[in-house]
Amino acid sequence: MMTLWHRVRHSLGVKLVLGCLAVEVVMLSILVITNISIMSTSLADQMQTRVAEVATLLNAALAVPLVQRDNGALQDVLDSSRSERGIERLLLVDARGIVMARSGWPEDMAPPSPAPSPVPSTSTSLNDHDQWEITRPITVGGQSYGRLHMGISTRFFHDARSTMLRSSVAIALAEVALSTLLLAAIGFLLTRRLRAVAATSEAIANGDLSARARISGGDDEVKRLADSFNLMAETLDRRVRDLATLSEAVEQSPVSVVITDTDGIIQYVNPHCCTASGYHAAEVIGQTPRIFKSGTTSAEDYQKLWATITSGTVWRGNFRNRRKDGSLFWEEAAIAPVTDAAGRIGQYVSVKLDVTESRQREEDLQRAVDHLTAANEELQRFAYVASHDLQEPLRTVVSFSQLLERRFSGQLGQDGDDYIRLVVSAGKRMHELINDLLVYSRSGQSNRPPERVSADTACRAAMENLHEAIAQSSAAIVIDELPDVVAEEFQVVQLFQNLLGNAIKFCRQDAAPQILVTAHRDETMWTFAVTDNGIGFDPSTQDVFEIFRRLHPSHVYPGTGIGLAICKRIVQRYGGRIWVSSRPGAGSTFLFTLPAAD
């Protein structure tokens, strides 16, 4: 009951109807009062006219009998005038004050003052008297012979005013009733649609974001209000869903999220931050990020951090923080300011990724790289020293073997000669191998920085170094226009020399070598191709760029198996790569990349 009364009391329709009724009652009251005042004034004017007419008639009728002092005639005039005119009482007195005649005037009632009394001229005077007491002189030829006292009833005035008042009130009440019904109908139609909007807003306030105001009818203000409200509700629903999705994403994120105010006071941490740090959210919220501080980050770094984010810029860096249990861990962090529509910073959000394991792997990898680099440098030095130191005893062995072959050839028998030839041949192959090892050990390092090198010049220098092999094999080499690259010239010469030498060496028996050298640009790199018509091979069977890798026996195709390994090492030094396309009996194309000079 109280709820219903509360709704009725606070209903917009009820307030609208009551307000309109109050205004209408006030206006009708003013109208009724004004009408009554006007009608009362009009009645008073009519009464004045009536009294003047009666006084004039009685003066004419009473003048002669009064002069003649004919009391009978005077009495007849008074009686007839009282009955016909509705006058309550009449009293006629002569000039000496002697009562000449009376009609309806009490015997014990003394005559009023002889002075003439005016007729009341306002409705207020009528309200104050039940009768008018009027005195008029009786004159003949301008001479007064007496006076007439009249008592005229005002009941007809009060009756007329009462009738008019009742009629006006009845009309006003009827108008109020009709207006009430009309306003109630209008209020119901208006507030019924507004109640639909209000009910929808209450549903949304209670959590039902799918609620919508269903308003039918024309395109009036209420309909437009409902449409705008529905649009706002849809926007709110979408924003809430987006916010819920974002909230779930932050809550379930595999990285730590920390939100602080502009003073650095922590307002929010997601579950992963608690897992990573070992703290509960209640232990962290209200604190500053110093709770994670390990002391390994300098004060200068923190000053740079604050200077960055307070200027509205995102800061990125690494922290070595401390967990609740005291253990240290690395975090890669990005801290960004959160601004409002006016660009004012209200909060800071930090997204942190635990990179302890990756940092440990990087450190382990760096240690391994340092170890391998040191070992490789030591191996290169050993290979260089060993190769250099082996040169002298190897030359001695080869020289004395050749001397034995010249001096004692045919004296040691066939077996002895074969043994000496094997020693000399093995010594020569060992000499080639040592020289190639020296080149290989030097190909991956240099004390000089890379420079602009003409690949065309380097390729032609390689051809000059191979002029004997080219002449003996009748090889035809075509060099396309080659660009400039960034490298060391002697290594580019070595690269082309090894590839051209292999193309000449592995030629078919039935055709002279045909070799084509071309190049094309791939962004920042030049791709070179050395194509031949040689015997070819199947590159899927083995890696020909592996050191000491040979596809044929040395007595068929001489060599150490280091040439292509040297090419690979040179190309990799400058960030390029090398590969081959070949088929048995269809020739080969060796391709490699080097950085462009411009």
Side-chain angles (χ1 to χ4, degrees), residues 32-171:
V32 169
I33 293 173
T34 302
N35 288 338
I36 292 175
S37 176
I38 293 172
M39 292 298 295
S40 297
T41 303
S42 176
L43 290 174
D45 292 341
Q46 293 177 14
M47 284 293 291
Q48 288 181 353
T49 302
R50 180 185 178 190
V51 169
E53 292 175 352
V54 170
T56 300
L57 292 174
L58 288 176
N59 184 80
L62 294 174
V64 174
L66 181 60
V67 171
Q68 296 175 356
R69 302 187 70 82
D70 185 354
N71 291 337
L74 292 174
Q75 187 64 46
D76 291 338
V77 171
L78 292 183
D79 290 338
S80 61
S81 296
R82 177 170 164 266
S83 60
E84 292 179 3
R85 302 294 178 182
I87 297 174
E88 291 291 326
R89 59 181 179 269
L90 293 170
L91 177 67
L92 180 63
V93 182
D94 62 8
R96 293 174 296 176
I98 298 172
V99 176
M100 300 298 294
R102 69 177 67 205
S103 177
W105 196 281
E107 295 289 340
D108 57 352
M109 185 176 179
S113 171
S117 60
V119 176
S121 59
T122 64
S123 59
T124 303
S125 299
L126 295 175
N127 291 334
D128 294 339
H129 303 84
D130 291 335
Q131 287 185 345
W132 284 349
E133 299 295 339
I134 300 172
T135 301
R136 287 288 185 268
I138 303 299
T139 61
V140 177
Q143 183 179 353
S144 177
Y145 289 93
R147 61 184 185 275
L148 177 66
H149 299 282
M150 296 183 294
I152 301 175
S153 175
T154 61
R155 283 196 302 273
F156 82 96
F157 172 79
H158 294 296
D159 293 342
R161 189 182 62 176
S162 297
T163 301
M164 181 179 63
L165 178 62
R166 285 193 298 271
S167 299
S168 298
V169 171
I171 292 173

Handout entry: Note, L92 side chain near R147 side chain (heavy atom, < 4.5 Å)
Key = no
Exercise for the section: Would you name the heavy atoms of I138 and A63 that are closest together and state the gap between them? Expected result: CG2-CA, 3.8 Å
Let me check something: any side-chain donor-acceptor pairs from residues 97-105 under 3.5 Å, sequence neighbours excluded? List them with distances.
unit_1: R102; atom_1: NH1; unit_2: P106; atom_2: O; d: 2.8
unit_1: S103; atom_1: OG; unit_2: D79; atom_2: OD1; d: 2.9
unit_1: W105; atom_1: NE1; unit_2: M109; atom_2: O; d: 3.2

Exercise for the section: With the side chain counted from C-beta on, respond yes when L148 and M150 share a heavy-atom pair under 4.5 Å apart, and no when they do not. Expected result: yes
Handout entry: Side-chain donor or acceptor of N59 paired with backbone N/O of T139 under 3.5 Å
Key = yes
Exercise for the section: State, yes or no, whether a side-chain contact exists between H149 and L90 at a heavy-atom distance under 4.5 Å. Expected result: no
Problem - Non-neighbouring partners of Q143 that pass side chain to side chain donor-acceptor pair (under 3.5 Å), sequence neighbours left out - result: Y145
Practice task
Look up atom CG in D70 and atom CG in L62, then write down how far apart they are to the nearest 0.5 Å.
Solution key: 11.0 Å
Handout entry: CG on L58 to CG on L78, rounded to 0.5 Å
Key = 7.5 Å
Handout entry: Over all atoms of both residues, closest heavy-atom pair of A95 and S144
Key = CB-O, 4.4 Å
